[in-house]
Structures are given as C-alpha cells and as structure tokens.
2 protein chains.
Amino acid sequence: MSTTQEYGTRERIVRATSRLMQQQGFAATGLKQISREAQATLGSVYHFFPGGKTELAVEAIRHGDREFAELLRDVLERVDDPAAAIAGCARDLAAGLRESGWLDGCPITTTALESAGRVPDIQRAAEQAFQNWRALVHDKLRRSGFPEDVAHDLAHTVINTLEGAEMSAQVSQSEAPLEIAGRHLARLIDSYR
Amino acid sequence: MSTTQEYGTRERIVRATSRLMQQQGFAATGLKQISREAQATLGSVYHFFPGGKTELAVEAIRHGDREFAELLRDVLERVDDPAAAIAGCARDLAAGLRESGWLDGCPITTTALESAGRVPDIQRAAEQAFQNWRALVHDKLRRSGFPEDVAHDLAHTVINTLEGAEMSAQVSQSEAPLEIAGRHLARLIDSYR
DNA sequence: ACATCCCTAGAACGAACGCTCTATTCACTA
DNA sequence: TAGTGAATAGAGCGTTCGTTCTAGGGATGT
C-alpha cells in the first residue's frame with residue numbers, strides 16, 4: 001500500500017480546482033490549467049461537470065468546506081476547553097499556512113469574494129460553508145455550557161476573526177496575526193464564563 | 001458648482017480600477033472594462049500606467065488604502081472612547097455594504113488574496129495598507145492610555161476581525177456579522193482597561 | 001506661423017479564455 | 001461476439017485578454 005492515495009478522475013479534478021482557486025481565485029484559474037494539473041483532459045472535465053466552470057467552482061467550494069470542517073471538528077473534539085481549542089485551531093492554521101509557503105489560505109474566501117453578488121450558485125455554496133463552520137463552534141460552546149445567544153454570537157466572531165487573521169497572515173507572510181487572534185478569541189470566550 | 005466632483009483622466013482610471021477590483025477582483029477585471037468605465041481610452045491607460053495591469057492594481061490598492069484610512073481616522077477622531085469608536089466603525093462598514101447592494105466590501109482584500117505570493121508588488125501594497133490601518137488603531141489606543149504591547153495586539157485583531165466580519169457580511173448579505181464583531185471588539189478592548 | 005509636448009484614439013497582435021464537437025477507447029453485458 | 005454507454009482525447013469555435021504601435025488633437029510658448 002502506497003502512502004499517496006489514489007483518486008478517481010472526478011476527485012482529482014475537484015481537488016486540483018480547489019487548490020488552484022485557493023491560491024489564485026476563480027477568474028485567474030483556467031479550465032486548461034485545471035485539466036493539466038488534475039492529469040485529466042478537457043473532455044473529462046466537461047463530462048463530469050457539464051455545468052462548466054461555475055459548477056466546478058461550486059464543487060471546489062464544497063470540497064474546501066468539508067476540508068476545513070474536518071480540521072475544525074478534529075481540534076474541537078481533541079481539546080476539551082473551548083477557548084484552548086480555538087487557540088489551537090489558530091495555531092494549526094498558522095502552521096499550515098507557513099508550511100505551504102504562505103500560499104494555501106482559506107480555500108474558499110478568494111472565490112467567495114470574487115463572486116459575491118455576481119454568481120449566485122457560488123455565493124450560496126460559500127454562505128453554506130461559513131454556516132457549517134459556525135455550527136461546529138456553536139455546538140462546542142453549547143456543550144460547554146454557554147447560553148444560546150452567547151454561543152451564537154461567539155460562533156460568528158470566532159470564524160470571522162480566524163478568517164480575517166488568516167488573510168492578514170497570508171498577506172504579511174507572518175504567523176503573528178493568527179497567534180494574536182487565538183489569544184484574543186480565547187480571552188473573549190473566557191470573558192463569558 | 002456641481003455636486004459631482006470633476007476628476008482628471010488619471011484619477012478616473014484609478015477610481016474605476018479600485019471599484020471594479022473591489023467588486024470582482026484583479027483577474028476578472030479587464031483593462032478594456034476599466035477604460036470603458038473610466039471614460040478613457042486604452043491609450044490613456046497605458047500612457048498614465050506604462051507598467052500595465054500590475055502598476056494599475058498597485059495604484060488602485062493605494063487608493064483603497066487611503067479611502068479606508070480616511071473612514072477609520074474620521075470615526076476614531078469623532079468618538080473619544082476607543083471601544084465605542086471601533087463599534088461605530090463596524091456600523092459604518094455595515095451601512096456602506098448594505099447601501100451598495102452588498103457589492104462594495106473591502107477595496108483591497110480580493111485583489112490581495114488573489115495575488116498573495118504571486119505578484120510581489122501587489123502583495124507589498126496590500127501589506128502596507130493593513131499596516132497603515134493598524135497604526136491608526138494603535139495610536140488611538142495608545143492615546144487612550146493602553147500599554148504598548150496591548151495596543152499592538154489589539155490593533156491586529158481589530159483590523160482582522162473587521163476584515164473577516166465584512167467578508168462574512170458580504171457573502172451572507174447580512175449586517176449581523178459586523179454588528180456582532182463591533183460588540184465583541186468593544187468588549188475585548190474594555191477587558192484590558 | 002510654427003514647433004513642441006502631453007494626451008488621446010483605436011487598430012492590430014499573439015495568446016489564452018470557456019466551451020462545443022466528433023471520434024475513439026474501454027469495460028461490461030446480452 | 002456484438003452491442004452499449006461511460007469515459008477519454010483533443011481539434012477548433014468565437015471571444016476576450018494584456019499589450020504594442022502609429023497617428024492625430026490641442027493647448028502652449030516663441
């Protein structure tokens with residue numbers, strides 16, 4: 001058994017699209033580039049995604065959604081204290097960002113911003129992703145005893161601050177924004193205890 | 001004297017570029033579209049910006065930098081209490097976003113993310129903008145008596161949380177993320193008093 | 001009147017874009 | 001063995017991309 005998993009053609013196309021859109025966004029990513037990197041042909045791309053580039057972008061956003069949800073779920077299950085778990089999440093994001101040479105930020109933000117208000121399908125998929133991530137944080141806070149309204153608001157700010165800090169970290173090529181965000185979010189959460 | 005200010009050709013080009021990149025990013029904005037919306041010709045664009053699209057993007061980011069710095073400076077001067085000022089800033093951003101039909105988010109984020117790690121000139125301009133904005137918040141906090149290290153970290157999180165919340169507000173077409181961010185940032189600042 | 005210089009105007013270039021189309025290969029069932 | 005449909009392959013469509021280039025307009029100074 002090899003260490004590198006084998007994926008089918010469809011899966012390879014989605015993964016290549018997700019990675020390319022993560023790094024350079026929707027408009028800058030061409031279908032030829034996708035098919036090249038996925039080791040598929042243009043024919044295959046249109047076979048699996050007859051809706052063209054938009055359908056592919058929606059699928060890539062769903063992939064990024066699941067990807068980050070998994071990271072979030074892992075750290076929230078692993079660490080009991082919610083404040084510590086969020087700080088750990090910030091650390092994980094910073095590490096991933098640095099290890100990718102500051103290239104792999106949030107997999108959906110760039111595409112979401114490019115398409116907001118102009119490509120409804122993509123906007124809906126991005127909105128759903130943020131909602132899913134907030135729900136994970138919300139549940140964790142509820143299970144830790146926080147009241148409903150507090151958990152609701154904190155879930156928003158946790159996700160949004162992590163998003164903003166990751167963006168800032170990427171642009172300044174520094175882990176500091178995420179490290180600071182982790183500490184501040186932990187402090188904010190603890191202030192509601 | 002008319003209410004609509006007259007701008008020179010160069011200024012019109014920069015403003016059109018800034019607005020288009022704010023709404024759809026760098027790659028999706030063509031020079032033909034820019035020259036059309038700026039009521040200039042392609043020749044004029046290349047006359048004023050011989051460096052082509054990249055130079056134009058850098059100038060547009062600098063424009064967005066000054067634009068948001070002005071908004072920030074205004075509210076920080078108008079409101080004495082720093083926590084209240086930041087909350088007011090979040091309100092202003094939410095209002096602007098809603099009034100534009102959720103189209104005009106942060107003028108530089110999309111372009112910054114598209115270009116991070118791939119177009120050094122643009123990345124540098126974006127990094128400089130974030131630095132300028134943080135400096136405004138940092139100074140306000142220092143003048144309000146916060147110690148250096150606290151002000152430094154808070155400046156990071158204030159800007160990053162506002163960025164993340166504005167992005168989220170844009171995608172979900174709701175003022176809630178910014179309203180919540182304003183309240184949480186005020187609470188975080190007050191927790192250091 | 002003429003020269004100078006800044007700016008405007010838009011045709012044209014090669015490359016890349018999203019997408020369509022036809023042909024072919026392959027695994028599997030009747 | 002013939003038949004069927006999914007999957008692959010890539011040429012080519014019209015369009016737009018960023019960029020270059022040459023020519024003309026218009027105010028100014030002499």
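Heavy atoms only: backbone and side chains are in, while hydrogens, waters and symmetry mates are out. This is a predicted model, so every value here is computed, not measured.
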Asker: Is there a side-chain polar atom (N or O) of B:His47 under 4.0 Å from OP1 or OP2 of C:dT8?
Answerer: no
Asker: Nearest whole Å is fine: how far is D:dT20 C1' from B:Phe49 CZ?
Answerer: 18 Å
Asker: Indicate, with a heavy-atom threshold strictly under 4.0 Å, whether A:Thr29 touches base, sugar-phosphate, or nothing.
Answerer: sugar-phosphate
Asker: May I have the distance from A:Leu42 (atom CG) to C:dC17 (atom C1'), rounded to whole angstrom?
Answerer: 11 Å
Asker: Grab the two heavy atoms, one from A:Ala27 and one from A:Lys53, that are nearest each other, plus how far apart they are.
Answerer: O-NZ, 3.7 Å
Asker: Applying side chain to side chain donor-acceptor pair (under 3.5 Å) to B:Thr110 and A:Glu114, what does each step give before you reach the verdict?
Answerer: CA-CA 7 Å; B:Thr110 312; A:Glu114 279 183 283; over 6 Å; no
Asker: Taking NZ from A:Lys32 and C1' from D:dT16, how many angstroms apart are they, rounded to a whole number?
Answerer: 13 Å
Asker: In whole angstrom, what separates A:Arg10's CZ from D:dT8's P?
Answerer: 12 Å
Asker: Tell me whether A:Arg12 contacts the main-chain N or O of A:Ala38 through its side chain, where contact means a donor paired with an acceptor under 3.5 Å.
Answerer: yes
Asker: Tell me which nucleotide among D:dT8, C:dC19, C:dT8 gets nearest to the side chain of A:Ser44.
Answerer: D:dT8
Asker: How far apart are the C-alpha atoms of A:Ile159 and A:Val137, what are their side-chain angles, what is the distance that settles it, and do they pass the side chain to side chain contact (heavy atoms under 4.5 Å, CB included) test?
Answerer: CA-CA 8 Å; A:Ile159 296 299; A:Val137 177; 3.9 Å; yes
Asker: Figure out the CG/C1' separation between A:Leu31 and D:dC13, and round it to whole Å.
Answerer: 15 Å
Asker: Separation of B:Lys53 atom NZ from D:dT16 atom C1', in whole Å?
Answerer: 11 Å
Asker: Starting at atom OH of A:Tyr7, determine the distance to atom C1' of D:dA7, rounded to an integer number of angstrom.
Answerer: 21 Å
Asker: Roughly how many Å is it from CG in A:Leu20 to P in C:dG18, rounded to a whole number?
Answerer: 12 Å
Asker: Between B:Thr9 and C:dC7, does any side-chain N or O lie under 4.0 Å from OP1 or OP2?
Answerer: no
Asker: Do the side-chain N or O atoms of B:Thr41 get closer than 4.0 angstrom to the phosphate oxygens (OP1, OP2) of C:dG10?
Answerer: no
Asker: Do A:Arg187's NZ or CZ and the ring of B:Tyr192 fall within the cation-pi criteria of under 6.0 Å and 45°?
Answerer: yes
Asker: Among D:dT19, D:dT8, C:dC19, which nucleotide has an atom closest to any side-chain atom of A:Tyr46?
Answerer: C:dC19
Asker: On DNA chain C, nearest-nucleotide positions of A:Arg36 versus A:Gly43: which is more 5'?
Answerer: A:Arg36
